[in-house]
Structures are given as C-alpha cells and as structure tokens.
Amino acid sequence: MNGVRSVILGTGSALPARRVSNAELAQQIDTSDEWIVERTGIRFRHIAGPDETTSTLAADAARAAIAAAGIEARDIDLIVLATATPDQTFPASATKVQALLGIEDCVAFDVAAVCSGFLYALQVADSMIRAGAYARALVIGAETFSRILDWEDRGTCVLFGDGAGAIVLAAEEDSERGILATKLHADGRHNDLLYVDGGPSTTGTVGKVRMKGREVFRHAVVNLAAVMGESLGAAGLTAADVDWVVPHQANARILDATAKKLGLAPEKVVVTVDQHANTSAASVPLALDTAVRDGRVRRGDLLVLEAMGGGFTWGAAVVRY
Ligand code: UT7
C-alpha cells in the first residue's frame with residue numbers, strides 16, 4: 001500500500017519562435033561560438049518576442065501537457081507556476097495562465113525559487129495532492145530571462161534563454177508510478193553570488209541578472225550531487241536504479257561533473273542545454289518534455305530531476321514516470 005501518489009499524466013513545453021545562435025550573439029557582443037560551446041555546451045537559445053510573455057509561454061506548455069494527459073483544462077484544480085520573471089510584479093502569472101486556459105475556478109499561485117523553482121513547485125503540488133486537497137495539478141516552469149539580462153555583460157547574457165515546460169500531476173491510489181521522494185534546500189548566505197540588482201521593494205526597478213559564475217559552478221556540482229543522493233536514499237533507491245537524470249540545464253560541464261560524482265553514465269543524462277541554454281525554472285520540465293516526446297523517457301522509467309539556482313536554492317525529485 002503506497003497511499004496516494006502524484007503521478008505525471010502528461011508533459012508539455014513551449015519555446016519562443018525566435019531562435020538565436022551563438023554566431024548571431026557574437027555579432028553584437030565580444031564573444032565567440034567557440035568560447036560559448038567550450039565553456040557551456042550552449043549552441044542556441046530562444047528569445048521571446050514582444051507578444052510572447054512568461055504567461056503565454058506557460059499557457060502554451062500547459063495546453064500541450066493537458067492534451068498529453070488526455071484531460072480537459074476544467075479538470076485542473078491547482079496551478080503552481082515557478083518563475084522569476086512574472087509578467088507583472090502582481091497578480092501571480094499563474095492566474096493569467098488560468099484565465100488563458102479558460103479555467104473558471106481553481107487555486108493558482110507562483111513560486112519564486114529561480115532555477116530550482118520547478119523542484120520547489122513540484123514538492124508544493126505533490127504535498128497538496130497527497131494531503132487530499134487537490135486531485136489534478138498543473139506544475140509549470142516558465143521564464144523570459146531575456147528581459148532581465150544585461151546584454152552588455154557577456155559573462156551572463158550568452159547563458160540564458162526563454163521557454164516553458166509543464167506537467168499534469170494527478171492523485172492516484174496505490175500507484176507504482178509517481179513522485180517517490182523530493183528534497184529541497186536553501187542557503188541565503190549566498191544571495192550575492194547570483195541575483196537581480198533591482199526589485200519593487202528596493203530600487204523600484206526590475207533589475208538585471210548578476211552572477212559570479214565560477215563560484216556558482218563550484219557550489220552547483222557539490223550541492224546537486226549531494227541532493228540527488230539524498231533524494232534517492234529517501235526513496236530507498238541508489239544511482240544504479242536510475243534510468244534518466246533530468247537536470248537543470250545550466251552548463252554541460254556541470255551536468256558531466258555531477259553525473260560523474262554519482263557514478264552515473266553520461267548516456268543517462270538528458271541534455272538540452274545545447275538547444276535551449278539556461279531557461280531557469282523552465283529548464284527541467286522543458287528537458288523532461290523533450291525526452292518524453294523523442295522517446296528517450298518511457299513509462300515506468302526511474303527519473304531523478306534536479307536543479308540549483310539563486311539563493312542559493314537547490315533540490316531533487318525521484319519520479320517513477
Ligand atoms: O542556473 C543557475 C546556475 N548557474 C550556473 O550554474 C552557472 C555556473 N557557472 C558557469 O556555468 C561558468 O562559470 C560560466 C559559463 C558562467 C563561466 O565559465 P568559466 O569557465 O567559469 O569562465 P570564467 O567566468 O572564469 O571566465 C573565463 C574568461 C574570462 O577572461 P579572463 O579574465 O580569464 O581574461 C572572462 O572574461 O572568459 C571570459 N569570458 C568570455 N569570453 C568570451 C566570460 N564570458 C565570456 C564570453 N565570451 N561570453
């Protein structure tokens with residue numbers, strides 16, 4: 001008897017129409033395709049146009065997830081949207097997604113944990129489902145980081161992209177599938193290593209992304225390997241049981257180093273950073289949907305999702321898909 005579990009019924013994703021190559025960026029700033037590929041693995045990113053916002057991308061990803069789940073939008077009773085780039089300071093972009101989907105009544109709110117936002121949103125939704133409060137949840141990660149990049153800072157602007165990913169979670173009794181364990185962490189002593197230099201309560205402006213990349217990199221490998229081990233332990237499993245790691249797509253070198261630390265073969269890591277760059281809270285569900293749709297991730301596979309970002313915040317989830 002497993003009790004109630006939150007099972008992934010369907011996945012979806014959405015990307016802005018405009019795709020930008022490293023070579024295109026190199027025409028505007030002092031960088032090169034060679035530097036970006038070698039240091040990060042990134043080749044392309046999608047950049048939102050004027051009519052594409054966090055909530056429109058989120059709603060497109062949600063529609064695809066709802067269709068894949070084989071349900072109707074009105075069946076959703078909870079929307080948790082992870083984002084650090086909401087359309088407006090308030091209302092929560094989750095309520096805009098609700099309106100775009102035509103859902104008359106449900107619970108809808110945003111979660112702010114930057115790149116780990118999807119893992120935070122997942123644990124929140126899973127807890128609310130297992131508590132019996134909701135039956136079908138949309139968990140979304142969506143970002144338009146291009147709007148908060150300093151396009152003159154080559155150390156950050158080449159790294160990020162825009163996009164959205166979504167899953168439909170449903171309560172199921174005694175399922176073999178579903179979310180088996182989630183583990184989250186935060187350490188606010190590292191606020192100054194990755195942050196935005198503005199906000200409603202300080203400057204009254206939106207601000208731009210600032211990052212001490214090398215230090216973030218160092219913490220990322222240590223923290224991600226630790227939290228993946230911790231979440232597998234909580235599920236009574238080991239790295240040997242894992243079919244796919246679906247990681248936050250910040251840097252191909254972080255993915256390699258983390259897998260190595262856990263003794264996982266690189267072939268078991270879903271890599272989309274080359275195509276999407278770092279899409280913050282969107283990156284894990286975007287990578288998951290990509291791997292589901294191209295046939296890599298199959299029903300019954302054991303997945304470990306993981307992410308780390310500003311705060312620092314970090315986390316991992318063990319999921320039987
Ligand atoms: O999603 C949240 C988590 N974020 C991350 O996980 C990001 C973690 N950090 C990283 O991925 C890497 O640290 C970066 C990709 C950001 C940077 O790679 P790095 O190997 O740590 O390079 P660096 O920052 O130490 O810079 C090396 C050199 C510098 O030149 P000097 O001082 O050695 O002459 C930079 O000025 O590379 C230069 N540089 C660039 N050159 C060409 C920095 N950005 C660029 C660029 N193009 N875009």
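Order of appearance sets the numbers: ligands from 1, and atoms from 1 within every ligand. For the numbers below, each heavy atom of this structure counts, side chains included, while hydrogens, waters and symmetry mates do not.
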Which side-chain N or O atoms in residues 66-84 pair as donor and acceptor under 3.5 Å with protein atoms at least two apart or in another chain?
| from | atom 1 | to | atom 2 | distance (Å) |
| --- | --- | --- | --- | --- |
| Asp75 | OD2 | Glu72 | N | 2.8 |
| Asp77 | OD1 | Ala135 | N | 3.3 |
| Asp77 | OD1 | Arg136 | N | 3.0 |
| Asp77 | OD2 | Ala135 | N | 2.9 |
| Thr83 | OG1 | Thr85 | N | 3.0 |
| Thr83 | OG1 | Thr85 | OG1 | 3.4 |
| Thr83 | OG1 | Ala142 | O | 2.7 |
| Thr83 | OG1 | Glu143 | OE1 | 3.2 |

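Residue contacts with ligand 1 include Gly155, since one of its heavy atoms falls under 4.0 Å from the ligand. Using 4.0 Å as the threshold, Thr156 has no heavy atom nearer than that to any atom of ligand 1.
Take Lys208 and apply the side chain to side chain contact (heavy atoms under 4.5 Å, CB included) test, not counting sequence neighbours, and it matches Asp150, Asp197, Arg210.
The protein heavy-atom contact nearest to atom 16 (C) of ligand 1 is Leu159 CD1, 3.7 Å. Protein heavy atom closest to atom 8 (C) of ligand 1, with residue, atom name and distance, is Gly213 O, 3.6 Å. For atom 25 (O) of ligand 1, the closest heavy atom belonging to the protein is Arg214 NH2, 2.3 Å. For atom 43 (C) of ligand 1, the nearest non-hydrogen atom of the protein is Trp35 CZ2, 3.4 Å. Taking atom 18 (O) of ligand 1 as the reference point, the nearest protein heavy-atom neighbour is Arg253 NH2, 3.5 Å. Among protein heavy atoms, atom 10 (C) of ligand 1 sits closest to Asn251 ND2, 3.6 Å. Ranking the protein heavy atoms by distance from atom 1 (O) of ligand 1 puts Asn278 ND2, 2.6 Å first. Nearest to atom 36 (O) of ligand 1 among the protein's heavy atoms is Arg154 NH2, 3.1 Å.
Remark: the Thr144 side chain and the Asp162 side chain contain no N/O donor-acceptor pair separated by less than 3.5 Å. Using a 3.5 Å distance cut-off with no hydrogens or angles, the side chains of Gln249 and Ser283 do not pair a donor with an acceptor. Under 3.5 Å, the side chains of Lys96 and Gln88 contain a donor-acceptor pair of N or O atoms. Side chains of Arg45 and Asn278: a donor-acceptor N/O pair is absent below 3.5 angstrom, by distance only.
Put simply, Leu286 and Trp244 are part of two different groups of oily side chains (I, L, V, M, F, W, Y) that touch within less than 4.5 Å, one to the next.
The two residues Ala65 and Ala166 have their closest heavy-atom pair at CB-O, 3.7 Å.
In this structure, atom 32 (O) of ligand 1 has no protein heavy-atom contact shorter than 4.0 Å.
If you number the atoms of ligand 1 from 1 as listed, the ones under 4.0 Å from a heavy atom of Cys115 come out as 1 (O), 2 (C). Atom numbering of ligand 1 starts at 1 in the shown order; those under 4.0 Å from a heavy atom of Thr40 are 15 (C). Taking every non-hydrogen atom of Ala250 and a distance limit under 4.0 Å, the qualifying atoms of ligand 1 come out as 1 (O), 5 (C), 6 (O). Applying the 4.0 Å criterion to heavy atoms of Met211 picks out, from ligand 1, the atoms 4 (N), 7 (C). Residue Arg39 approaches ligand 1 through these ligand atoms, each under 4.0 Å from one of its heavy atoms: 19 (P), 20 (O), 22 (O), 27 (C). Atoms of ligand 1 lying under 4.0 Å from at least one heavy atom of Ile254, given by number and element, are 6 (O), 8 (C). Interface atoms of ligand 1 facing Leu194, defined by a heavy-atom separation under 4.0 Å, are 2 (C). Under a 4.0 Å criterion applied to the non-hydrogen atoms of Val216, ligand 1 contributes the atoms 3 (C), 4 (N), 5 (C), 6 (O).
Expressed to the nearest 0.5 Å, how far CG of Asp33 lies from CD of Glu38 amounts to 11.0 Å. Rounding to the nearest 0.5 Å places CZ of Arg320 at 12.5 Å from CD1 of Ile8.
Stacking of Arg299 on the aromatic ring of Tyr321 is recorded, both the 6.0 Å distance cut-off and the 45° axial limit being met.
Residue Thr31 holds the heavy atom nearest to atom 47 (N) of ligand 1 of all those in Leu224, Val221, Ile29, Thr31.
Ring orientation note: the planes of Trp314 and His185 are close to parallel, at an angle under 30° on the 30°/60° scale.
Between Glu24 and the options Arg19, Arg18, Arg43, a salt bridge (Lys or Arg N to Asp or Glu O under 4.0 Å) holds for only Arg18.
At a 3.5 angstrom cut-off on N or O pairs, His248 counts as close to ligand 1.
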